[in-house]
2 protein chains.
Amino acid sequence: MATVSRVINKNEYVNKETEQKVIVAMQELHYEPSSLARGLAGKKMNTIALMIPDISNPFFPGLARGVEDVAQQYDFNVFLCNSDDLAYKEKSYLEILRKKSIDGLIIISNNVNEEELEPLRMANIPVVLLDRPFNEQNYSVVRSNNRNGAIMAVEHLLAIGCKKIAHIAGPEKFVTARERRLGYEGIVSQYSWYTPSLIEHANFDIEGGKQAVTKLVANNTDIDGIFAGNDLMALGALKQLIKLGKNVPDDIALCGFDGISLTELTQPEITTIQQPIYEMGAAAALTLIKKLKGEITETKIQELDVKLIIRGSTEKGKKLPLAT
Amino acid sequence: MATVSRVINKNEYVNKETEQKVIVAMQELHYEPSSLARGLAGKKMNTIALMIPDISNPFFPGLARGVEDVAQQYDFNVFLCNSDDLAYKEKSYLEILRKKSIDGLIIISNNVNEEELEPLRMANIPVVLLDRPFNEQNYSVVRSNNRNGAIMAVEHLLAIGCKKIAHIAGPEKFVTARERRLGYEGIVSQYSWYTPSLIEHANFDIEGGKQAVTKLVANNTDIDGIFAGNDLMALGALKQLIKLGKNVPDDIALCGFDGISLTELTQPEITTIQQPIYEMGAAAALTLIKKLKGEITETKIQELDVKLIIRGSTEKGKKLPLAT
DNA sequence: TTGAAAGCGGTACCAA
DNA sequence: TTGGTACCGCTTTCAA
């Protein structure tokens, strides 16, 4: 038994011949070591968890793919947890992760804080914060440069001639939403046309975008550019603008944030700030796995760059094919 | 120890007082039973696996949510496996599932067959086939009525006055694609205008839809209706039709299949055959869990009904707001 | 280089 | 109704 164990764990002190015999026997018997037993005996389960708010929001599957692909490469499995951004579901999952002896966690969350992660720290389970860091001191973090992205978006709208630019901001509890808003404010506050009523808060989804546009258009008859805090809101915004009879981009230009592929589906296609979604997931997974392997111990912050993707929704004056 | 175990497992033979003492102690010590140890000792891990082809295709997160919600309700966790529809990834996952002592499996796959699932049967791990059954005899199956849906789609296109209806069919290796094609053929073959060149095969994705439309329009100058085998293809088809200068629905009407929410995002919105996606996932999970609990033993087939959702892409002659 | 034996943290049977 | 104890399948000393 002990020798078989040594073979499985590639322990050096095994005679080559014995090793071969064991390997052959394992194949003949279709033997597969039980992860449970190994885990119980103190070994890693080779499983990491990924906690995301909602798998139905196309941004997250992108991240998940990045995480999963890297994990697979290093022979790790991914346990996916949908939290619905609900604190109680997150807590419940954190317990489950410990019960199931998960090796590490990548988490995207607005609700979780140090205290909640304390039990994981005690159990020596490393954590990587993805996309929405609540703390950049004690945890490794992977995120993109939200503020810069917002600045790029607004400057692009200005460059194409927009004279009054509104912002649909995500909920304040999202770090990402706050940073993007700050980026927007940083630029527009220099202009005389700027008033706080140009910022409309909404949920990070399609419906949120629709509602915000309705309010914005009602309150500010002369806006000619909108920077939406994420692509789903931009999608909703576009839909609603068309419904209100606005021409996009000639009446109102529109720029989103994220770079999800849906933005290429609409008519016109939506200009957006593209985050390296897949790469963010991959980077988070790589960091976590290296920590698990003991290859890195310090915490580190990885801020990935975003990119402006110019599409029809900000190409004023261009003739586009008719949609209907 | 034994008594604590009894309390955890709600064994009846425990004195109420003792039980209380144990519960209090567990709380004070923040005691959480190890799933691994329980699993090793022969208990269920309360975890089921869901194998899907690709989490990035919006159809699957919908299913996954259904599965997950029901699982959560019954205190089960879901281990998500992305197979990319690749046989080798599926095989590798099937092994992992056994190593990790997963209790049951819900699988959506074109590649897996009886033989591959044999080890699971041996290990007494129940399996439910979802969406794409390869066998309806020996496994419980949850799927929707694809053939009927296709018939509804074509009849709807006929009803609005289409005189020549093409079909973009998914890859033949998908049962779902075959059934929908059969539904289409069943109706159209009665008409004198029908020729096999009205069927174009393509991948079940946006790009597939685009390519198919290009070919269809080139080969059949007079088609005025298209039934796409799934919504992603319909999305691509719409995009390409607009690019080719076709008016949808007036020149060519379009109907998809699945009912994913993206079809509401386009201009015009796309008519589709809606599958009860979430319910399919939920039904599969429920069936599996009941099997695990021993509440059902026989295999059963659940065929859920689909529904025609009429939208702009088949509302000929209606004025729609301009998109650009 | 190998085998024997003591855990890992539970469950379940048996006797008390 | 409770406690003692032999596993579950593997890892890891310790001796041989």
Side-chain angles (χ1 to χ4, degrees), chain A residues 1-47 75-77 94-104 119-120 122-125 292-294, chain B residues 1-47 75-77 94-104 119-120 122-125 292-294:
Chain A
M1 253 184 81
T3 302
V4 172
S5 178
R6 289 190 197 99
V7 171
I8 290 173
N9 294 296
K10 308 202 195 314
N11 181 309
E12 304 192 19
Y13 302 99
V14 183
N15 186 303
K16 279 290 162 207
E17 281 180 37
T18 330
E19 182 175 0
Q20 273 313 311
K21 280 191 206 162
V22 169
I23 291 175
V24 169
M26 290 203 302
Q27 287 173 340
E28 280 178 0
L29 299 170
H30 297 288
Y31 169 76
E32 277 168 26
S34 149
S35 288
L36 296 195
R38 304 189 75 203
L40 190 57
K43 282 278 180 182
K44 296 234 164 305
M45 292 287 288
N46 268 32
T47 305
D75 242 337
F76 275 77
N77 295 119
L94 290 180
E95 270 179 34
I96 290 170
L97 299 186
R98 278 160 52 223
K99 282 195 212 174
K100 298 219 166 170
S101 309
I102 293 295
D103 302 321
L120 296 195
M122 298 269 60
N124 219 337
I125 299 175
L292 286 172
K293 294 193 163 189
Chain B
M1 253 182 78
T3 302
V4 172
S5 178
R6 287 188 200 101
V7 171
I8 291 174
N9 295 296
K10 307 203 194 312
N11 181 309
E12 303 192 21
Y13 302 99
V14 183
N15 185 304
K16 280 289 163 207
E17 282 180 37
T18 330
E19 183 175 0
Q20 274 311 312
K21 281 191 206 165
V22 170
I23 289 175
V24 169
M26 290 203 302
Q27 286 171 341
E28 280 179 358
L29 299 169
H30 298 287
Y31 168 78
E32 278 166 27
S34 149
S35 288
L36 296 195
R38 305 188 73 203
L40 230 205
K43 282 277 179 183
K44 295 234 165 307
M45 290 288 286
N46 269 34
T47 304
D75 241 337
F76 275 76
N77 294 120
L94 291 180
E95 270 179 35
I96 291 169
L97 299 186
R98 277 161 50 224
K99 282 195 212 175
K100 299 221 165 170
S101 311
I102 293 295
D103 301 322
L120 296 195
M122 297 269 61
N124 220 337
I125 299 175
L292 286 172
K293 295 193 161 188

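Below, chain A is the first sequence line, B the second, and so on; all start at residue 1.
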Nucleotide-resolved protein contact map, nucleotides 6-16 of chain C, B/S/- at heavy-atom distance under 4.0 Å: -BBBBBBB---
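- Summary for the helix from C:dT1-D:dA16 to C:dA16-D:dT1: the axes at its two ends, each from 5 pairs, differ by 40° when rounded to the nearest 10 degrees.
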Using a 3.5 Å cut-off and no angle test, enumerate the donor-acceptor pairs between side-chain atoms of residues 94-102 of chain A and protein atoms at least two apart in sequence or in another chain.
unit_1	atom_1	unit_2	atom_2	d
A:K100	NZ	B:M45	O	3.3
A:K100	NZ	B:T47	OG1	2.1
A:K100	NZ	B:N77	OD1	3.2

Would you be so kind as to tabulate the donor-acceptor pairs closer than 3.5 Å made by side chains of residues 29-37 of chain A, with sequence neighbours excluded?
unit_1	atom_1	unit_2	atom_2	d
A:S34	OG	A:L36	N	3.2
A:S34	OG	A:A37	N	3.0

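- Of the possible donor and acceptor atoms, none in the side chain of A:D103 sits under 3.5 Å from a partner among the backbone N and O of A:K44.
- For DNA chain D, the span of nucleotides reached by chain A at under 4.0 Å from its heavy atoms goes, 5' to 3', from D:dG9 to D:dT13.
- Residues from residues 13-28 of chain B with heavy atoms under 4.0 angstrom of DNA chain D, sorted by number: B:Y13, B:V14, B:N15, B:T18.
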Please list, one pair per line, the donor and acceptor atoms closer than 3.5 Å that link side chains of residues 1-22 of chain B to other protein atoms, with sequence neighbours excluded.
unit_1	atom_1	unit_2	atom_2	d
B:T3	OG1	B:R6	NH1	3.4
B:S5	OG	B:N9	ND2	3.4
B:N9	OD1	B:R38	NH2	2.5
B:N9	ND2	B:S5	O	2.9
B:N11	OD1	B:Y13	N	2.8
B:N15	OD1	B:E17	N	2.7

